[in-house]
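We use all heavy atoms of the structure for the numbers below, so side chains are in, but hydrogens, waters and symmetry mates are not. The chain is numbered in sequence order, starting from 1.
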Amino acid sequence: MRDHVRMIMEGEPGTLPAAWLEVWRRDPAAVVLVEPSGVLVTAAMVEDWSAGVARRLAARGIGPGDRVLLSAEPSVDLVIAYIALLRLGVVVVPTNTTYTRPELSYLLADARPTLVIADRPDRFVTLHLPDGEPVPVVLPTVPGDDAGPAALDAAAPGALAWLCYTSGTTGRPKGAMLTHANLLAGALAVVEAWEWSPEDRLVLALPLFHMHGLGVGINGSLTAGASVVILPRFHVDAVLDAQKTFGGTLLFGVPTMYARLAESPRLQELAEFRLCVSGSAPLAPDLWEQIRADAGVEILERYGMTETLMLCTNPVGGPRVPGSVGKPLPGIELRLGAGDGIEVRGASVFAGYWERPDATAEAFTSDGWFRTGDVGAWSPVGWLRLVGRTSELVITGGYNVYPREVEDAVRTHSGVADVAVIGVPDPTWGELVMAVVVATDPSSPPARESLDAHVEGNLAPHKRPRLWVIAESLPRNAMGKVQREILRSPAGDESVGGA
Ligand code: MCA
Ligand code: AMP
């Protein structure tokens, strides 16, 4: 175990900025952030630059406990703004950059932020807060004067650090409240488990508005005192070029990214990484075997959630098992409850859903374990395999989609009388979103183009159905609940278009 990790793990629960300051001051000349253009940002620069941004935010009246929406493509500016917010004690609300106006309006109404930091301010034009006020928007550089002093790095471990929206079975996203102590515990667990050292350099092409990219990639890298190459988006050649140019040692991705890498003639270059980690969705054992056979790389699969941070991992040393997510991480207790539902406890488990006491109460057992909604099975040697989900969640390309949210959007089309949304297996995306539609007028069902155009205004691209099927009716049980398992083999229905 590296010194600073031991110190933090054995001490009182801390905060991310306090842990980062210690790392930065130990080696101010260490490179921390790398832009693909070749700009290198050292620890001393990160400390100064983020303090400047924090002072500019303070000059705009932003202070501890305020909520700020953060929505931008990955860049050094975005990461510096993120660090500045945490140092100022602000609650960060990571926000998907592809959200449509209705999705953003919902988030603004629910989180009621004081400020939006966005690289596309136009997306927020004419959107209002619940009190009717327009929402102030600034670019990630946070232009302005470094006017006055601001109290930095003073947040308490139990203070809220993130409000991270994650969809629920009720169809509308809920804000998962994560404290500094939660995020630090989650970062330390993976730093320890993956032997993440200051010599490591992560090549990161994940979006920075989810737990995977921001909470594991950025928080982990900063906590380890390592460096990270920040790519604006995922592209096979860009990832492999960044590895070569900057000496990348770590790669984090979702299975769809590994499926694309596996199709590349450059697949063997994956072997240049010390460690390739996959998560957010199941990694098909066939794909794992193919990458091992063709590149000699055993992808390390891990399992986690927004509400809990990372939970289980295959080992860095020793054999990795395809189809298994390995053993619980340091500090995580995991048990199988009713119906083999996975339940967890630990310092990284969140503090509840923002302003939703009922959903929070429902999410925890009476003895305080969080119900993940995933179903698991132990191997004889204590490794976990994920065998299903208790919810209807669809995971496509590593993004979660809740059928109810899509159904609500599709149902507002005048030609749609009823609709059910399911995930269908797909070799590249894991699952594709499919909508089974009952037409208002069966003699003239809506055309695919009309359905596509309708959802375009309401749903981010990953939530939009790729497959539309017209059915005469939906199979329902005695309780009136749609029988999704029957829909997964819709023999005899008329399809109106494929992916
Ligand atoms: C893009 N599209 C998608 C998705 N991504 N459709 C369905 N599912 C998706 N995931 C849309 C695009 O908007 C486009 O629509 C069309 O699909 C094809 O786009 P393409 O250029 O091929 O896709 P891409 O932009 O290259 O994106 C693929 C991607 C991306 C790189 C795999 O989906 C991605 O970054 N996924 C990672 C998500 C992630 O970070 N998840 C972590 C959640 P059109 O043709 O209409 O323009 S955190 C989590 O789950 C927990 C904590 C955990 O365990 O990590
Ligand atoms: P999110 O709500 O976006 O945090 O996504 C969390 C969900 O992603 C989990 O509850 C799992 O269903 C799924 N997930 C994460 N990692 C894996 C994995 N390695 N294999 C299968 N599912 C995963």
Side-chain angles (χ1 to χ4, degrees), residues 96 103 106 110 164-177 210-212 254-255 279-283 303-312 325 334-345 349-350 352-354 356-366 369-377 384-411 419-426 429-436 459-460 462-465 474-477 479-488:
N96 192 315
E103 290 164 314
Y106 170 80
D110 201 73
C164 194
Y165 278 78
T166 170
S167 297
T169 39
T170 50
R172 285 301 211 165
K174 305 187 284 282
M177 299 190 289
H210 272 307
M211 188 52 78
H212 196 164
V254 298
S280 305
L283 180 67
Y303 158 56
M305 268 189 100
T306 301
E307 289 93 332
T308 62
L309 285 99
M310 298 303 101
L311 293 168
C312 281
V325 291
L334 191 150
R335 72 181 187 190
L336 300 184
D340 288 333
I342 298 172
E343 296 172 357
V344 298
R345 219 161 51 164
V349 176
F350 77 137
Y353 295 110
W354 171 248
R356 282 175 177 75
D358 292 351
T360 303
E362 215 174 285
F364 287 89
T365 64
S366 55
W369 294 64
F370 173 66
R371 298 188 174 97
T372 62
D374 295 308
V375 178
L384 187 71
R385 203 160 47 85
L386 299 182
V387 293
R389 295 176 207 127
T390 54
S391 70
E392 292 148 358
L393 169 72
V394 176
I395 306 185
T396 174
Y399 281 124
N400 289 0
V401 178
Y402 274 90
R404 173 74 189 278
E405 189 179 1
V406 182
E407 288 162 4
D408 287 350
V410 173
R411 204 170 278 120
V419 57
V421 166
I422 57 169
V424 292
D426 180 82
W429 294 95
E431 289 180 286
L432 285 177
V433 176
M434 177 167 114
V436 182
L459 296 172
H462 64 276
K463 299 180 193 169
R464 297 174 197 158
L474 297 178
R476 292 185 185 273
N477 65 16
M479 313 287 291
K481 197 169 177 311
V482 173
Q483 293 169 295
R484 289 167 201 274
E485 55 300 343
I486 296 180
L487 284 179
R488 290 195 181 95

Open item on the list: Between Arg385 and Asp340, does any side-chain N to carboxylate O distance fall below 4.0 Å?
Closed with: no
- [ ] Check whether any side-chain heavy atom of Val482 lies under 4.5 Å from a side-chain heavy atom of Glu392, and answer yes or no.
- [x] no
- [ ] Could you tell me which non-hydrogen atom of Glu343 sits nearest to which non-hydrogen atom of Ala338, and how far apart they are?
- [x] OE2-N, 4.3 Å
TODO: Provide the closest heavy-atom pair for Met211 versus Met305 in the form atom of the first, atom of the second, distance.
DONE: CG-O, 4.2 Å
Open item on the list: In the structure I gave you, are the side-chain heavy atoms of Tyr303 and Thr372 within less than 4.5 Å of one another anywhere?
Closed with: yes
- [ ] Look at the side chain of Glu431 and the backbone N and O of Ile395, then say whether any donor-acceptor pair between them is shorter than 3.5 Å.
- [x] yes
Task: Between CG on residue Leu459 and CG on residue Asp408, distance to nearest 0.5 Å - done: 9.5 Å
- [ ] Could you check if a side-chain atom of Met434 sits within less than 4.5 angstrom of a side-chain atom of Arg488, using non-hydrogen atoms only?
- [x] no
Task: Rounded distance (nearest 0.5 Å) linking atom CD of Glu407 with atom CD1 of Ile422 - done: 10.0 Å
Open item on the list: Could you check whether any side-chain heavy atom of Thr396 comes within less than 4.5 Å of a side-chain heavy atom of Asp426, counting everything from C-beta outward?
Closed with: no
- [ ] Determine yes or no for a side-chain-to-main-chain donor-acceptor pair under 3.5 angstrom, with Arg389 supplying the side chain and Asp374 the backbone.
- [x] no
TODO: Output the distance between atom CZ (Arg345) and atom CH2 (Trp369), rounded to the nearest 0.5 Å.
DONE: 4.5 Å
Open item on the list: Main chain of Trp354, side chain of Arg356: is a donor-acceptor contact present, judged purely on distance under 3.5 Å?
Closed with: yes
Task: Distance in Å, Glu307 CD paired with Thr360 OG1, rounded so as to fall on 0.5 Å steps - done: 10.0 Å
Open item on the list: If you define the side chain from C-beta out and look only at heavy atoms, does anything of Tyr399 sit under 4.5 Å from Lys463?
Closed with: no
Open item on the list: Nearest 0.5 Å, please: how far is CZ in Arg404 from CG in Leu393?
Closed with: 15.5 Å
Open item on the list: If you compare all heavy atoms of Val394 against all heavy atoms of Gly423, which two are closest, and at what distance to 0.1 Å?
Closed with: CG2-N, 3.6 Å
Open item on the list: Looking at Val421, is its backbone amide N or carbonyl O close enough to the side chain of Arg484 to form a donor-acceptor pair, meaning the two atoms are under 3.5 Å apart?
Closed with: yes
Open item on the list: Which heavy atom of Gly398 sits nearest to which heavy atom of Ala281, and what is that distance?
Closed with: CA-CB, 4.4 Å
Open item on the list: A side-chain contact here means heavy atoms from C-beta on lying under 4.5 Å apart; do Phe370 and Leu311 qualify?
Closed with: no
Open item on the list: Rounded to the nearest 0.5 Å, what separates atom OG1 in Thr306 from atom NE2 in His210?
Closed with: 7.0 Å
TODO: Please name the pair of heavy atoms, one in Pro465 and one in Val410, separated by the smallest distance, quoted to 0.1 Å.
DONE: CG-CG2, 4.4 Å
- [ ] Could you tell me whether the side chain of Glu103 reaches within less than 4.5 Å of the side chain of Pro173, counting heavy atoms only?
- [x] no
Open item on the list: So Ile342 and Val375, do their side chains get closer than 4.5 Å, heavy atoms only?
Closed with: no
Task: For Gly304 against Met310, the heavy-atom pair lying closest together - done: CA-CE, 3.8 Å
- [ ] Could you tell me whether a side-chain N or O of Arg371 sits under 3.5 Å from a main-chain N or O of Glu362, the two making a donor and an acceptor?
- [x] yes
